[in-house]
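Here is how names work: the chains are called A, B, and so on, in the same order as the sequence lines, proteins then strands, and each is numbered from 1. Side chains included, hydrogens not; waters and symmetry mates left out as well; all remaining heavy atoms used.
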Amino acid sequence: MAHTGLVLPNSGHNRDAEANKFGMWLFLFTELLLFGGLFIVYMVYRMLNHEAFLLSSFELNVVLGTVNTTVLLVSSMTIAMSVSAIQMGQAKRSALLLWITFALAGVFLVIKYFEWSAKIHHGLFPGMDYYNNLPAGERLFFFLYYVMTGLHALHIIIGMVIIVFAIRQTNNGTLTAEKHSLTENAGLYWHLVDLIWIYLFPLFYLIH
Amino acid sequence: MATATAQVNYLEAKKGIMSWLFSVDHKRIGLMYLYALITFFLVGVTLGLLMRYELLNPGKDLVEAKTYNQIFTLHGVIMIFLFIIPSIPAVFGNFFLPIMLGTDDVSFPRLNLLSWWVYIIGAIMALSTLVFGDGPADTGWTFYAPYSVKTGTNVTMSVLAAFVLGFSSILTGLNFIVTIHRLRAPGMSFTKMPLFAWALYATSWIQLLATPIIGITLLMIVAERTLGVGLFDPSIGGDPILYQHLFWIYSHPAVYIMALPAFGVISELLPTFSHRTIFGYKAIAYSSLAIAFVGYFIWGHHMFTSGMSGTARFIFSMLTFLVAIPTAIKVFNWVATLYKGSIDVQTPLLYALAFIFQFMIGGFTGLILGALATDIHLHDTYFVVGHFHYVMFGGTGFAFFGALHYWYPKIWGRMYNKLVANIAFVIFFIGFNTLYFPMFISGLMGMPRRYYDYLPEFHIPNIISTVGSWILALGLILMIVNLIVGRFRGRKVTERDPWGGITLEWQTPTPPPVQNFDRLPELPKNGPYDYEHKPQIKD
Amino acid sequence: MAQSHDQHQDNHHDGQHHAVPYSEHVRTLVALLFLTAITVVVSVFGAALSTLSVFTALFIATVKVVVVAYYFMHLKYEKKIYSGLVLLVGVLFVALSVLTALEYLNR
């Protein structure tokens, strides 16, 4: 909006990279507490169904879980590098690193898909016969497994969409060394997805 | 100043409905919230009047038991999620926070517009249960499991609506926090911010850090209803008390989402109408943060009779008393502000005084409910209904209308009829207390809440309450009509500072121009309420 | 005054000022993978630890989270307030969990 009047030094219409970053951090806090609610549910039901949770966790594939953890950690590094690249003015390299992150996210989802479909193949999904005949504790474990990894996967997908936007804007020159809030925020968001997985992995796969 | 006259005010800057619906101007967004909120508030009031009419006599007067359950649920959902949670922040926070900070907008203007749209979508979803599905939920606004999982009514849609509304609340909170951190006028440190901004700051943190928990909890209810795994159903291994925990981990802090902005409004009204600096600025500012913080750890007092462990009940009861400390600090400082002030009795001040009176009744009865032993007797009686209506309506509701009367001339550039406003206030005040005070008595006598019927010995307090509801409605109608008439026919206000206020919104032209200020805002020398060094703004 | 000065500094700040060198990212990743390896080994071969292994796993996970936040998420280079707020949110969540856990432990 063009005004002939007074321009305040602290106008809300100024570009403010710090505000963008701060806003993103605040959003990440809400995401943490969103998952936090689920972690509290997990904690309580684990306390009430100690043995069943132990037993169920053996059903999950530690190898695939470890591979996925590695994939996510590497993708976290590539997106962090991408932020460094755009800050140094290396737009092409930044876009390439974003593509790699995107691909790794894809790998994560594919592995997750195989894990889920193997379980569902055995009838281990809410509503299916095998699942319904399990003891209560194990049903709760798998229900939480699906909800928490499912919500996490949804965040991966959202992260991928944001990354695609960042790639487009990097390629058409909108994002530059001076102005790269989107890359930075995409990075922050992606690290959050990583952070949550860092807790999900031991809680579901490693509580033997 | 040549530019001063050339500026168009925000009301006339653009024409047409689209220029409102898609405006990113925080002032217009605030007004859009106002119109939507008042509409939903009136729907909620109507439902409340229906309930009171049903309770006029024992037995069936008007509606069946199930319909009554649906009415009080919808009344609760509308009043809590559609009115009182957004109320002061969304309307007056949006409109005045940036101006009070001396800036021209919030940090993320487009996000601000998005929150309004998300709010409207959520509202439509909540009201759609009236028409679609098997009718509105009949669970109470708390959606307690396992009943909420089993009932045939349209709980899923109500719950999703609350989820969407929570998202709107989060976005507004986020926007305000960033705005306060980034856009304060040069020279305005945190400790020179108006107390309304402080209150909104504390509120926004609660919105940000508590709302996600209810979000995920409500989604679990939806998952339960669609997948039926027994997450909260004891017959298949779940724990219904866990639902209550999660629900109140949000909903108790949410009480402070509703109350803190009201504290902020009162902290503005009292200095303005006693024309002196606020007593205990820092104590009031920091006690908002203290309330927000302590408010997180006392949710269990809603569950004393739910079957929680004895230790937890003891801990929660003790922690609950802690929150009384910062709240009392505020009240003492407010009263001390009035002392030796040159008090100008105007309509907004009347609302502020009514607030203090009613909020104290609400607060003290809250202590009675927070004490473990007395709560066992009073839990789920009308005493609780009386208590939270005194806090929410007598407190926040009155602060909301006080704020509306206070900022009215700044918003519309016109003045309502002050005499009519005062008469409306008196009727409103009498109606309110006639309606809700008897509930304490019937509650102490043991009348349970949430039934469409009651034993004959509770008849008298119920008659008084219902008559009170009519008086209240009369006062409300008179107030709203007066405000609407004033909007179009009221005396024009052109002076910048009709009340003699000191915060920065009184330095702007009336109504404010699109970019809020026509000259650099001047801060008083020693803090925001320094009446001795009040900047003299001449037109 | 303080504010505008602040803002000015920030704008300068998020230019090419704090581009983290690639080598630091690589080192961070190596550390994270190392921690992952430990946690897997403890879990798979240390089954006898029982309940203790959960706390070990959560402890290592927390260390990993701190590493990610500190290096990848640039908390190392940000103003102190960011770390403070992250800490606050963490403490808040832990407090909520502990209070809930207390209730169930005392049933």
Side-chain angles (χ1 to χ4, degrees), chain B residues 101-103 107 174 177-193 205-206 208-210 212-213 239 241-250 252-253 289 292-301 303-304 306-316 318-319 520 523, chain C residues 1-19 50-51 54-55 57-58 61-62 64-70 72-107:
Chain B
L101 297 179
T103 181
S107 270
L174 190 155
I177 294 178
V178 178
T179 305
I180 289 171
H181 272 271
R182 299 297 301 168
L183 298 182
R184 278 170 287 123
M188 186 188 278
S189 59
F190 260 84
T191 48
K192 289 191 173 175
M193 268 193 328
W205 275 109
I206 311 178
L208 200 73
L209 297 182
I213 307 241
D239 181 18
I241 299 180
L242 180 59
Y243 173 81
Q244 300 186 11
H245 275 301
L246 291 167
F247 181 83
W248 290 111
I249 285 178
Y250 163 73
H252 193 74
L289 292 182
F293 185 73
V294 179
Y296 272 102
F297 307 113
I298 60 180
W299 78 85
H301 67 221
M303 302 160 57
F304 284 157
S306 297
M308 258 194 332
S309 69
T311 320
R313 283 192 275 175
F314 172 71
I315 294 173
F316 278 125
M318 222 166 52
L319 289 173
L520 282 176
L523 307 182
Chain C
M1 268 176 318
Q3 175 70 10
S4 69
H5 184 64
D6 230 34
Q7 225 159 0
H8 176 75
Q9 247 187 354
D10 295 336
N11 289 344
H12 179 71
H13 200 59
D14 67 52
Q16 45 277 78
H17 195 68
H18 61 235
S50 186
T51 316
V54 177
F55 288 104
L58 282 180
T62 307
K64 282 165 78 178
V65 161
V66 170
V67 171
V68 170
Y70 194 68
F72 282 165
M73 298 174 92
H74 297 179
L75 281 185
K76 183 182 171 187
Y77 303 95
E78 298 289 2
K79 288 189 237 153
K80 288 274 184 297
I81 186 171
Y82 285 89
S83 307
L85 292 176
V86 171
L87 195 69
L88 186 84
V89 173
V91 167
L92 176 73
F93 175 69
V94 171
L96 294 179
S97 310
V98 168
L99 214 48
T100 313
L102 265 180
E103 202 269 283
Y104 281 89
L105 286 173
N106 286 297
R107 283 264 174 96

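Shown here is B:Phe314, whose CZ atom has no more than 12 heavy atoms of other residues, nucleotides or ligands within 6.0 Å.
The CD1 atom of B:Ile241 sits 4.0 Å away from atom CZ of C:Arg107, with the distance rounded to the nearest 0.5 Å. Once rounded to the nearest 0.5 Å, the distance linking CD1 of B:Ile315 with CG of C:Leu99 reads 6.5 Å. Residue C:Phe93 holds its CZ atom at 7.0 Å from CD1 of B:Ile213, rounded to the nearest 0.5 Å.
Options C:Leu92, C:Leu88, C:Ile81, C:Thr100 differ in how many heavy-atom pairs under 4.5 Å they form with chain B, and the most are formed by C:Leu92. Options B:Asp239, B:Leu319, B:Leu209, B:Leu242 differ in how many heavy-atom pairs under 4.5 Å they form with chain C, and the most are formed by B:Asp239.
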Between C:Leu102 and B:Thr311, does a side chain to side chain contact (heavy atoms under 4.5 Å, CB included) hold up when you go through it step by step? CA-CA 8 Å; C:Leu102 265 180; B:Thr311 320; 6.0 Å; no
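Across every non-hydrogen atom of B:Ala312 and C:Glu103, the tightest pair is CB-CG, 3.2 Å.
Looking at C:Tyr104, only its side chain comes within 4.5 Å of chain B, counting heavy atoms on both sides.
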